[in-house]
Engineer: 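My questions will all concern the structure given below.
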Amino acid sequence: MKRIWWKEAVVYQIYPRSFMDSNGDGIGDLKGILSKLDYLKELGIDVIWLSPIYESPNDDNGYDISDYYGIMSEFGTMEDFDTLLEEVHGRGMKLIMDLVVNHTSDEHPWFIESRSSKDNPKRDYYIWKTGKDGGPPNNWESFFSGSTWEYDEATGEYYLHLFTKKQPDLNWNNPEVVKDIYSMIKWWLDKGIDGFRVDAINHMGKAEGFPDDPNPEDQRWNTGYKMFSNLPQVHEQLQKLNKEVLSHYDIMTVGETSGVGPQEALLYVGEDRNEFNMVFQFEHTGIDSGVQGKWGVEPWSLLDLKKIMSKWQTELYEKGWNALFFNNHDQPRAVSRFGDDKKYWSESAKLLATYIHTLSGTPYVYQGEEIGMTNVAFDSIESYRDVEILNYYREKVVEQGQDRDEIMKRIHHKGRDNSRTPMQWNTSEQAGFTTGTPWIAVNENYPTINVEDQLHDPHSIFNYYKELIQLRKKHDVFVYGNYELILEEDEEIYAYTRTLGDQKLLVILNFFGGTPTFRLPNSLKVEAKELLISNYSVEENEQIEEVTLKPYEARVYLLK
Ligand code: GLC
Ligand code: CA
């Protein structure tokens, strides 16, 4: 397998609005990030991914860009950005930006021109259609509730928006759009950034002729809408982008591609494909979704997780590369969702970390994950900020009259604001995030869950992450080893080996609060072993042929 730096890296995602506020206006900013670079260095991560920091009216917190060349004034200036980049590089880390080019803001000058008249030169920068039978051009449904089409009075036509109506989709069939986007990407790369996380990019191609979707209820985040997900045009465009722009720089790229399985993913990340280095897939985050799709609150089964992830681990091995994550700014907190954020908070957070960091692929840590930050449950819809949550509530409760408590329950479990409450730095007011009033409330558990306490506690979740990250750097088998599932049918224990030449890891994970017995399969001969990491203290010479595991116990052995 080809060795390369981004396979060996651990990436840390920053959601700038919620990371650190430097000037007391309640909004995280670039100077705030700058003040925490030593913290990130201490954690040991290699690459920082910044969620969007471009100029934006913030309908979707920066994922609606009105100027690709400007920094959002709430976050700082271009000078602040240049300093940040320099300081990141000065500490031996890299920085990747979010690239949002499926759509812009409706306040981007291109769209303002585009909507002004049918013969404006920018008209075809976006996708405009006439209505059908007094309604929108087709039945496509937006990711954030309602039709994907918005009627625009000025010209009597509809424009397409897969996300909010303030996020009109760019028309990638227009060579002028392609040219302008390429220049912008080059401009950032020439500044010396180290790559991109490419937002919602699998939606850049739309079904030809814009036909009705035969199955509009198809669940968006999991299976992806067939009419605008992973179509062949996407690959044509990405190969061209790679050839003309990306391949000229030593960078990393990770595409966000909902709705792909491993074989489809290989079209994006296959080593001979020249598109992206890796993609974010969402099959595993769909295990608790059920018929309600994204908003479902279903029990999940370990067998499903094993089946899905084993498929990804084996089908991509030596052919393409995985991105590994449970948390990001769109997902609820994993320790609340797949662990136990009460009784076994620390143990289960460490268990989930062990899992992500011992699989084949590049691990991503989302801010606060490294201290086990949890979901929030605000009582009132007024406390929420996310446009997806607010639209969902309006549609279900206000418009359709569905049961408020049920909808709030789903928001508590699945809403994106779970991961967007301010980073919990210390026990001072507002968790040390701001001296003012934060744009979204701080999770009230900050007196017990915060960075400062964990830095000083050798058994903290933070220090566990630090150790895991160091282990990857020390043993190649963490990065390049081949994954093999063992105890396939076990409903509580997830165990596997990773093998590279004569190095072999054995990973044993008790995913729940019970005390099941681990039995070493006969096929695995253990002559000598070294315990590399565990979330309980384990006797060094304990035999592992048969072990009763503690709740959420995780162990990683190097077998000899
Ligand atoms: C991606 C982002 C999400 C955003 C959407 C529209 O899924 O991760 O936060 O709302 O794209 O840009
Ligand atoms: Ca600020």
Engineer: Would you indicate whether the side-chain heavy atoms of F163 and N102 approach each other to under 4.5 Å?
Structural biologist: yes

Engineer: Using the benzene-type ring in the case of Trp, are the ring centres of Y249 and F196 under 6.0 Å apart?
Structural biologist: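 Not under 6.0 Å, so no.
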
Engineer: Would you call the rings of W321 and Y480 parallel, tilted or perpendicular if under 30° counts as parallel and over 60° as perpendicular?
Structural biologist: tilted

Engineer: Where do D169 and L162 come nearest, in terms of heavy atoms and distance?
Structural biologist: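 For D169 and L162, the tightest heavy-atom pair comes out as OD1-N, 2.8 Å.
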
Engineer: What class does the angle between the rings of Y483 and Y496 fall in, given that below 30° is parallel, 30 to 60° is tilted and above 60° is perpendicular?
Structural biologist: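 Correct class here is tilted.
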
Engineer: May I ask you to check whether F511 and Y355 place their ring centres under 6.0 Å from each other?
Structural biologist: yes

Engineer: Keeping the roles fixed (side chain from R498, backbone from T358), state whether a donor-acceptor pair exists under 3.5 Å.
Structural biologist: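 Side chain of R498 to backbone of T358, a donor-acceptor pair under 3.5 Å: yes, one is there.
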
Engineer: Could you report the tightest heavy-atom contact between K206 and L231, atom names first, then the distance?
Structural biologist: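 Closest approach of K206 to L231, heavy atoms only: C-CD1, 3.5 Å.
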
Engineer: Between E452 (side chain only) and W425 (backbone N and O only), is there a donor and an acceptor less than 3.5 Å apart?
Structural biologist: no

Engineer: Can you find a heavy atom in the side chain of Q313 that is under 4.5 Å from one in the side chain of L324?
Structural biologist: yes

Engineer: Verify, without hydrogens or angle tests, whether E283 (side chain) and I308 (backbone) share a donor-acceptor contact under 3.5 angstrom.
Structural biologist: no

Engineer: Could you tell me whether E370 and K466 have a side-chain N and a carboxylate O separated by less than 4.0 Å?
Structural biologist: no

Engineer: Give a yes or no on whether the backbone of R17 and the side-chain of W439 come within a donor-acceptor separation of less than 3.5 Å.
Structural biologist: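 Such a contact is found between W439 side chain and R17 backbone.
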
Engineer: Is the backbone of N327 close enough, under 3.5 Å, to the side chain of Y364 for a donor and an acceptor to pair up by distance?
Structural biologist: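 Such a contact is absent between Y364 side chain and N327 backbone.
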
Engineer: Using only atom types and a distance under 3.5 Å, with no angle test, would you say the side chain of R420 pairs donor to acceptor with the backbone of H329?
Structural biologist: yes

Engineer: Quick check, are the ring centers of F326 and F338 under 6.0 angstrom apart?
Structural biologist: yes

Engineer: With a sphere of 6.0 Å drawn around NE2 of H459, does it hold more than 12 non-hydrogen atoms of other residues, nucleotides or ligands?
Structural biologist: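 No - once you tally the heavy atoms of other residues, nucleotides and ligands closer than 6.0 Å, there are 12 at most.
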
Engineer: Run the salt-bridge test on E176 and K179 with the 4.0 Å N-O cut-off and return the result as yes or no.
Structural biologist: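 A salt bridge links E176 with K179.
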
Engineer: Are the side chains of R555 and Y536 in touch, meaning some heavy atoms are under 4.5 Å apart?
Structural biologist: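 No, too far: nothing below the 4.5 Å cut-off.
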
Engineer: Please report the shortest heavy-atom distance between I461 and A349, naming the atom on each side.
Structural biologist: CD1-CB, 3.6 Å

Engineer: Nearest heavy-atom pair of N277 and T253: which atoms, and what distance?
Structural biologist: OD1-N, 2.8 Å

Engineer: Quick one: do F19 and F75 satisfy ring-ring contact (aromatic ring centres under 6.0 Å, His included)? Show the steps, please.
Structural biologist: CA-CA 11 Å; F19 191 61; F75 288 173; over 10 Å; no

Engineer: Hey, is NZ on K7 packed in by over 12 heavy atoms from elsewhere, all under 6.0 Å?
Structural biologist: yes

Engineer: Just by modelled atom types, is the V507 backbone N or O under 3.5 Å from a matching donor or acceptor in the T497 side chain?
Structural biologist: no

Engineer: Within the supplied structure, the quantity of interest is the number of heavy atoms (other residues, nucleotides, ligands) at a distance under 6.0 Å from K311 NZ; does it exceed 12?
Structural biologist: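 Yes.
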
Engineer: Compare all side-chain heavy atoms of L189 with those of V245 and state whether any distance is below 4.5 angstrom.
Structural biologist: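 When only atoms from C-beta onward are counted, V245 and L189 do touch, with a gap below 4.5 Å.
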
Engineer: Indicate yes or no: does R416 engage D60 in a salt bridge with an N to O separation below 4.0 Å.
Structural biologist: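 Here R416 pairs with D60 in a salt bridge, since their nearest N and O are under 4.0 Å apart.
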
Engineer: Tell me whether the centres of the aromatic rings in F325 and H284 are closer together than 6.0 Å.
Structural biologist: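 Yes; H284 has its ring centre under 6.0 Å from that of F325.
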
Engineer: Are any of the side-chain nitrogens in K306 or E488 under 4.0 Å away from the carboxylate oxygens of its partner?
Structural biologist: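 No, no charged N to carboxylate O under 4.0 Å.
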
Engineer: Whether the side chain of D190 engages the backbone of W187 through a donor-acceptor N/O pair (distance < 3.5 Å, no angle test) should be reported.
Structural biologist: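 Pair absent, no side-chain N/O of D190 close to backbone of W187.
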
Engineer: In terms of the angle between their ring planes, are H203 and F143 parallel, tilted or perpendicular, with boundaries placed at 30° and 60°?
Structural biologist: tilted

Engineer: Please check: side-chain N/O of N426 versus main-chain N/O of N450, any donor-acceptor pairing under 3.5 Å?
Structural biologist: no

Engineer: So does E87 get a backbone contact from the side chain of R91, meaning a donor-acceptor N/O pair under 3.5 Å?
Structural biologist: yes

Engineer: Does a donor on one side chain sit under 3.5 Å from an acceptor on the other, for Q331 and R337?
Structural biologist: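 Note: Q331 and R337 side chains meet the donor-acceptor criterion.
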
Engineer: Heavy-atom count check: over 12 atoms from other residues, nucleotides or ligands less than 6.0 Å from E86 CD?
Structural biologist: no

Engineer: Contact between M204 and Q233 at the side-chain level, heavy atoms closer than 4.5 Å - yes or no?
Structural biologist: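 No. Closest side-chain heavy atoms not under 4.5 Å.
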
Engineer: Are any of the side-chain nitrogens in K240 or E236 under 4.0 Å away from the carboxylate oxygens of its partner?
Structural biologist: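 Salt bridge absent between K240 and E236.
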
